[in-house]
Amino acid sequence: MSKTIFFTPGPSQLYPTVTKHIKLALKENIPSLSHRSSKYSAIQQEVCKNLRILLNIPDDYLMFVGGSATFFMEKIGQNLIEKNSFHFVNGAFSKKFMQICSKLGKNAQNFTVEEGKGFGIDKICIPQESELLAFTATETSTGVQLPQNFIYEIAKQNPKKLIALDVVSAIPYYQLDYKYIDAMFFSVQKGFGLPSGLGIAFCSPRAIEKSRSILDKGVSIGSYYGFPEVAKDAQNFQTPETPNVLDMYLLNKVIQDILAKGLDQIIQETESKAKSIYNFFEQSPNFKIFVNNQYYRSQTVIVIDYDKSKVLIDKLSKKGLILGTGYGNKKDSQFRIANFPAISKEKINLLLKEISQN
Ligand SMILES: *Cc1c(COP(=O)(O)O)cnc(C)c1O
């Protein structure tokens, strides 16, 4: 077993039980299983059931399976926006969602704040014509986490508009009342600690209605992944294309492990680890926490300003501790620490000790 520990925010450290589950999956020939078999459908059904339990997703929302979170940004853009969307942009991933919609020919408007900042609710003017509002729960590039109440408030003020939420690096930690959300999506290589190459979305009945109405107007909703069609597949726990069968199997196992451990326990551990990390950097004069306002600090992705980050990252990697680099143009002036459930308190303590001795 490799001693390397990945604190990178995606792909990240594998959940501790994944090795065992992969071995069992190979023994059971899971990767060769036909995605049209009842055995596969049973896996998809269980993933759906267990995610509903874990995240408290309403029973009438349908689960869609795809290749990644980016895949679902595009599918949401095609299926849920006829002309106008509105994006809350505070970093690279929220911006990417907007750009994808724009490249699809939609009028993707936005409210953009400086990186590392949250959104003040009073300053936002959402155009009447916006059909969909897009949020990113945890902006993995900057370490900003949106307060749930902020999303609820905007949703309540805009009851006719659909709400799309990228929950990639926020869940399973981030709990939400999904009745306010019409489309949530994530990929599995971050908070769930799984191999990359699988995305999941849940869509509300009115999201699927919206897609149907766009189609009925003769506007394109793409080719093989139109939500009205995919909804029929989803009801039978099927997919339009061949999914990542192995990853679906592993996701099911890891969700069961998380449920067995208890989500409350995971939330508590996440907050306790995040507190140690933030306290440590608050007391270290050489480092600066990128997100100034505590209220917006992510519990799952911590971003630190440090002008010698490249040296530190190299040094720690020689000891088997892999930090995330800064994102984009912050590559050499920041580093990022993923605080996902796969990473234990002991590992976080070890990392902080090494950083303090640097
Ligand atoms: C990583 C990430 C994505 C992209 O995920 P892919 O699996 O590469 O498509 C999207 N949004 C957020 C917030 C992310 O952290």
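Computed from heavy atoms alone, side chains included, the values below leave out hydrogens, waters and symmetry copies. Every number for a ligand or one of its atoms is a count from 1 in the order of the listing.
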Pair E269 + K345, salt bridge at N-O below 4.0 Å: no

Residue shell around ligand 1, heavy atom under 4.0 angstrom: S68, A69, T70, M73, F93, T136, T138, T140, D166, V168, S187, Q189, K190

Closest non-hydrogen atom pair, F290 against E115: CZ-O, 3.5 Å

Should side-chain heavy atoms under 4.5 Å link Ile, Leu, Val, Met, Phe, Trp and Tyr, which residues sit in the same cluster as M98? V89

At their closest point, which heavy atom of R36 faces which heavy atom of P240, and how far apart are they? NH2-O, 3.7 Å

For Y306, give me all partners under ring pair (Phe, Tyr, Trp, His ring centres under 6.0 Å), at least two apart in sequence or on another chain. F287

Applied to residues 171-198, the side chain to side chain donor-acceptor pair (under 3.5 Å) test, sequence neighbours excluded, yields Y173-E271, D177-K179, D182-S204, D182-R206, S187-Q189

